[in-house]
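Before any comments, here is the structure.
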Amino acid sequence: MKLREHCGVVAVRGKDAVELTYELLKLHQHRGQESAGVSAVIDGRLVTVKGLGTVEEALNYEEIRNLESTVAIGHVRYSTTGRTTVEDSQPLSNGSVAVAFNGTITNAYREGYRLDTLFLLDLIASEKDPIAGVRKVFERADGAYSAVALNSSGRLTAFRDPKGFRPLVLGKIGDDLVVASEDGPIRQLGGDVVRDVIPGEVVFLEEDHFAFTSVKPPESATCSFEYIYFARADSTIDGYSVYEARVRLGEMLGRNHRAEADVAVPVPDSSVPIAIGYSRVTATPLEYALVRSYHSLRSFIMPTHDKRITMIEEKFGVVVRAVSGKRVVLIDDSIVRGNTMKRLVSYLRNAGAKEVHVRVGSPPIRYPCYMGIDFPSRRELIAYGRDEGAIAKEIGADSVEYLTVEEMIEAIGRKDLCHACFTGKYPLRLSYKLEELESTFTR
Ligand code: SF4
């Protein structure tokens, strides 16, 4: 089964739409490195180019430059179910409509679909009128979808599920209208952010303006993990700064879970703001003792265990002088399987650290996600069935402490969050048995 996606989406209406889509996709690369693709309308035909790997590997820049269109959608993806093919990559097109989305349509398998993108495409394509197609999606699809769609007449549509699990933002770059998973890339290209797409809302990119329709009232349950790890630190989701949320997670950690240590060491990169917050309230000096190699990819989004192990070995170096003979508190944003953390603890000990205490800026992840982020089945999660003492033993640390769910919610600063991977309470419309989801989504 290939039902889970976590990705970045982009749509552009304006001059050089394809090239701008390509540039925006590069700036969303942190959201997926397994494939990239672009659809555009050229001479009345919907054209899709896609490939495997990073944006620059998957898409030939010269070819992209030659695709002249005023409308385009694009996608970067990671998937986690092993089989990564160009065919399953997005945008997915049937020649009349192309779609790309970020999330997981949890009930696609119940509808008999191998690929949730295909379920989405069929629903949209089943109606001539795009708004009717999107209405059908809102009625039939359960789960997370922040989506963009383009038809062969050049109609560009963007929509966000009523829970707003995944971010989606509108902006302008020069005279061009853009939709993107995150606002950081829009600002980085000199654009202005217009606003977030409201959960349950449909947006049309007309000639020179956005047109809005609400299909469902919002019932937000935005992914807390976007704030903790996934989104870029310079992004803002629904008005809440990701960077500030991370600093507050670290402050909460420092106030309530302080370790007696000489230095605080962040796991780069997403944990740096958390470590800054921790260091501020505990007055523990920060040392950037773990150095990420410049070309390293994010191990969490590598699809197989072997690939992840190789990535971990390649991506970190240790500044021995910063930790030798010292009590270290190692700050991370989260622990999923524990592979990375176990190795980092041993690297620090090998570098001469006297003690290694681990502090985590999120609660223990004990349940899989079926709304767009790939966490493995419960038995592969280090925190499933283990308390903090057992986790410390497993990773070789002197101690481990996490935030509680309540502390996390208070630190992020918004209450309408999904926290199912910490609590097992899934804010989905339909009801599912966890065993049913696990057997469907696990290879
Ligand atoms: S289960 Fe966790 S990762 Fe998935 S949407 Fe909810 S908070 Fe995010």
Side-chain angles (χ1 to χ4, degrees), residues 3-9 30-32 77-81 101-108 116 141-147 160-168 181-182 199 218-232 235 237-238 240 242 245-246 249 270 274 298 300-301 332-337 360-378 380-384 402-434 436-438 440-442:
L3 295 163
R4 272 189 285 190
E5 310 282 341
H6 186 78
C7 326
V9 292
H30 62 291
R31 299 187 73 88
R77 173 202 206 196
Y78 93 69
S79 73
T80 51
T81 43
F101 88 110
N102 172 21
T104 295
I105 298 182
T106 318
N107 64 330
D116 54 356
D142 190 23
Y145 45 92
S146 282
R160 189 173 175 201
D161 67 76
K163 301 279 183 183
F165 283 108
R166 305 276 148 232
L168 196 63
S181 285
E182 293 190 41
E219 317 155 25
S220 298
T222 299
C223 172
S224 46
F225 217 68
E226 291 280 352
Y227 291 97
I228 294 163
Y229 171 83
F230 240 106
R232 285 169 42 142
S235 287
I237 303 170
D238 299 327
Y240 296 86
V242 172
R246 287 182 188 163
L249 289 166
S270 46
I274 298 176
R298 305 175 106 186
F300 172 64
I301 63 172
D332 207 353
D333 49 72
S334 54
I335 308 180
V336 182
R337 301 168 182 83
V360 187
S362 65
I365 298 170
R366 296 201 159 107
Y367 298 89
C369 172
Y370 299 111
M371 286 80 71
I373 290 191
D374 173 52
F375 291 142
S377 60
R378 283 171 288 177
E380 290 176 81
L381 293 165
I382 194 167
Y384 186 71
Y402 292 83
L403 290 181
T404 65
V405 173
E406 294 70 26
E407 287 168 342
M408 174 195 74
I409 292 170
E410 190 184 330
I412 292 174
R414 65 183 288 189
K415 290 199 166 69
D416 54 346
L417 290 168
C418 173
H419 37 69
C421 48
F422 310 117
T423 58
K425 292 179 187 150
Y426 293 85
L428 289 165
R429 185 164 47 85
L430 305 175
S431 57
Y432 305 83
K433 284 207 164 87
L434 201 48
E436 172 195 359
L437 292 174
E438 265 186 345
T440 304
F441 284 91
T442 307

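Read the numbers this way: they start at 1 and go in the same order the structure lists the ligands and their atoms. Everything numeric here is computed off the predicted structure, so don't read it as measured data.
Checking side-chain atoms of Thr104 against main-chain N and O of Gly372 turns up a donor-acceptor pair under 3.5 Å.
Taking 4.0 Å as the cut-off between side-chain N and carboxylate O, Glu182 and Arg31 count as a salt-bridged pair.
Minimum heavy-atom separation, Lys163 to Pro427: CE-O, 3.1 Å. The heavy-atom pair separating Pro162 from Pro199 by the smallest distance is O-CB, 3.1 Å.
For atom 6 (Fe) of ligand 1, the nearby protein N/O/S atoms, meaning those under 2.8 Å, are Cys418 SG.
By the 30° and 60° cut-offs, the orientation of the rings of Phe441 relative to Tyr370 is tilted. Between Tyr78 and Phe230, the ring planes lie parallel to each other; the angle is under 30°, not in the 30° to 60° tilted range.
Contact between Arg166 and ligand 1 is present, with at least one heavy atom of the residue lying under 4.0 Å from the ligand. A heavy-atom separation below 4.0 Å is found between Phe375 and ligand 1.
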**Report entry** Intermediate values then yes/no, salt bridge (Lys or Arg N to Asp or Glu O under 4.0 Å), Arg160 and Asp238
**Finding:** CA-CA 12 Å; Arg160 189 173 175 201; Asp238 299 327; 2.9 Å; yes
